[in-house]
Amino acid sequence: MDVITGRGTPPGAPWPRTEAEARAVQDALRARVERADRAPAPGAPGALVTGVDVAYDDDRDAVAAAAVTLDAATLEVVEQATARARVVFPYVPGLLAFREIPAAADALSRLRQRPGLLVCDGYGLAHPKRFGLASHLGVLTGVPSIGVAKSPFLYRHGPVGEERGDGAPLLDGEEEVGRALRTRAGVKPVFVSVGHAVSLPAACAHVLALAPRYRLPETTRRADTLCRAALRAAP
DNA sequence: GCGACAG
DNA sequence: ATCTTGTCGC
């Protein structure tokens with residue numbers, strides 16, 4: 001698919017190397033997040049949903065990314081791609097995108113079909129600058145995106161019902177920035193936030209449709225397994 | 001200034 | 001993210 005980042009670097013400007021440069025990029029791109037929902041309906045037959053994940057080996061300075069596209073209705077794999085690269089940015093809370101996107105965009109660019117939705121590991125609008133990894137990847141590709149995280153990051157939430165589908169607002173003070181969503185009865189919830197061109201209710205519906213059995217969406221499970229395999233594949 | 005902090 | 005075995009439970 002077409003990724004305007006080409007091999008992972010935005011056109012015109014080199015990838016940020018310092019925290020200050022990275023924060024400036026977030027400030028510049030945040031206005032490009034679309035609010036209107038143009039993602040396919042959750043579980044829509046034939047709709048394509050792509051999970052993206054990245055694995056690291058800091059000792060070998062290596063990263064591997066994977067993009068796995070599933071049919072939204074059957075959750076079967078339609079196509080998948082991987083990419084390997086060097087670590088270009090350290091992990092800094094709030095700047096995760098600058099560490100993950102170069103390799104992730106490379107893997108995405110190797111997909112033949114453009115998906116209707118991207119599912120990222122981490123957050124979108126639930127971010128200090130309201131521009132987390134999911135929003136960043138959504139804006140760069142133009143594809144609607146959501147973020148599904150495994151921990152609440154900087155945010156708080158009230159009690160979440162014990163049944164699958166129960167949820168509670170993720171709050172930054174008074175502002176709702178996402179949702180703690182139970183995908184499996186009695187299991188720790190996941191933390192969903194809007195990335196780009198998707199509403200929060202729709203994002204939650206997508207997550208539930210993508211996670212019929214396990215805590216995490218099948219998209220992220222598949223992408224996680226694949227990028228780990230790709231990392232150890234080529235020493 | 002110090003601690004917390006998606007992956 | 002990653003270092004790591006067995007074990008409890010559906």
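Chain identifiers are assigned alphabetically (A, B, ...) following the order of the sequence lines, protein sequences preceding nucleic acid strands; residue numbering begins at 1 within each chain.
Distance CG/A:L140 to CG/A:L108: 10.0 Å, rounded to 0.5 Å.
Between A:Y91 and B:dA6 there is a side-chain N or O to OP1 or OP2 distance below 4.0 Å. At B:dG7, one or more side-chain N or O atoms of A:K150 fall inside 4.0 Å of OP1 or OP2 (strictly under the cut-off). Using a 4.0 Å cut-off, no side-chain N or O of A:S151 falls inside it from OP1 or OP2 of B:dC5. Contact check, A:R99 against B:dA6: no side-chain N or O comes under 4.0 Å of OP1 or OP2.
Atom P of nucleotide C:dT2 and atom CG of A:D121 are separated by 11 Å, given to the nearest angstrom. Separating the CZ atom of A:R232 from the C1' atom of C:dT2 is a distance of 15 Å, rounded to the nearest angstrom. Here B:dG7 presents its C1' atom at 8 Å from CG of A:D53, a figure rounded to the nearest Å. As a whole-Å value, the separation of A:R215 CZ from C:dC10 P is 20 Å. Between A:R213 atom CZ and C:dG9 atom C1' there is a gap of 13 Å when expressed in whole angstrom units. For the pair A:R179 CZ and B:dA6 P, the interatomic distance rounds to 22 Å; values are reported in whole Å. For the pair A:L137 CG and B:dG7 C1', the interatomic distance rounds to 14 Å; values are reported in whole Å. Rounded to whole angstrom, the span from the CG atom of A:D58 across to the C1' atom of C:dC3 amounts to 13 Å.
A:L170 comes within contact range of no nucleotide atom at all, as no heavy-atom separation falls under 4.0 Å. Among the protein residues, A:R184 comes within range of no part of the nucleic acid, since none of its heavy atoms lies under 4.0 Å from any strand. Here A:A55 lies in heavy-atom contact (under 4.0 Å) with sugar-phosphate atoms only. Residue A:G147 is out of contact with every strand shown, counting any heavy-atom pair closer than 4.0 Å. Among the protein residues, A:Y56 comes within range of the sugar-phosphate backbone only, with heavy atoms under 4.0 Å from sugar or phosphate atoms but none that close to a base.
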After noting the C-alpha distance and the side-chain angles of A:L171 and A:E176, does the key distance pass the side chain to side chain contact (heavy atoms under 4.5 Å, CB included) rule? CA-CA 5 Å; A:L171 301 172; A:E176 179 173 19; 4.2 Å; yes
List the steps and the verdict of ring-ring contact (aromatic ring centres under 6.0 Å, His included) for A:F153 and A:F191. CA-CA 9 Å; A:F153 196 20; A:F191 305 89; over 10 Å; no
Yes or no on side chain to side chain contact (heavy atoms under 4.5 Å, CB included) for A:F98 and A:V25, after CA distance, side-chain angles and deciding distance? CA-CA 10 Å; A:F98 297 91; A:V25 168; 4.0 Å; yes
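A:E100 and A:Y56 share a side-chain donor-acceptor pair at under 3.5 Å.
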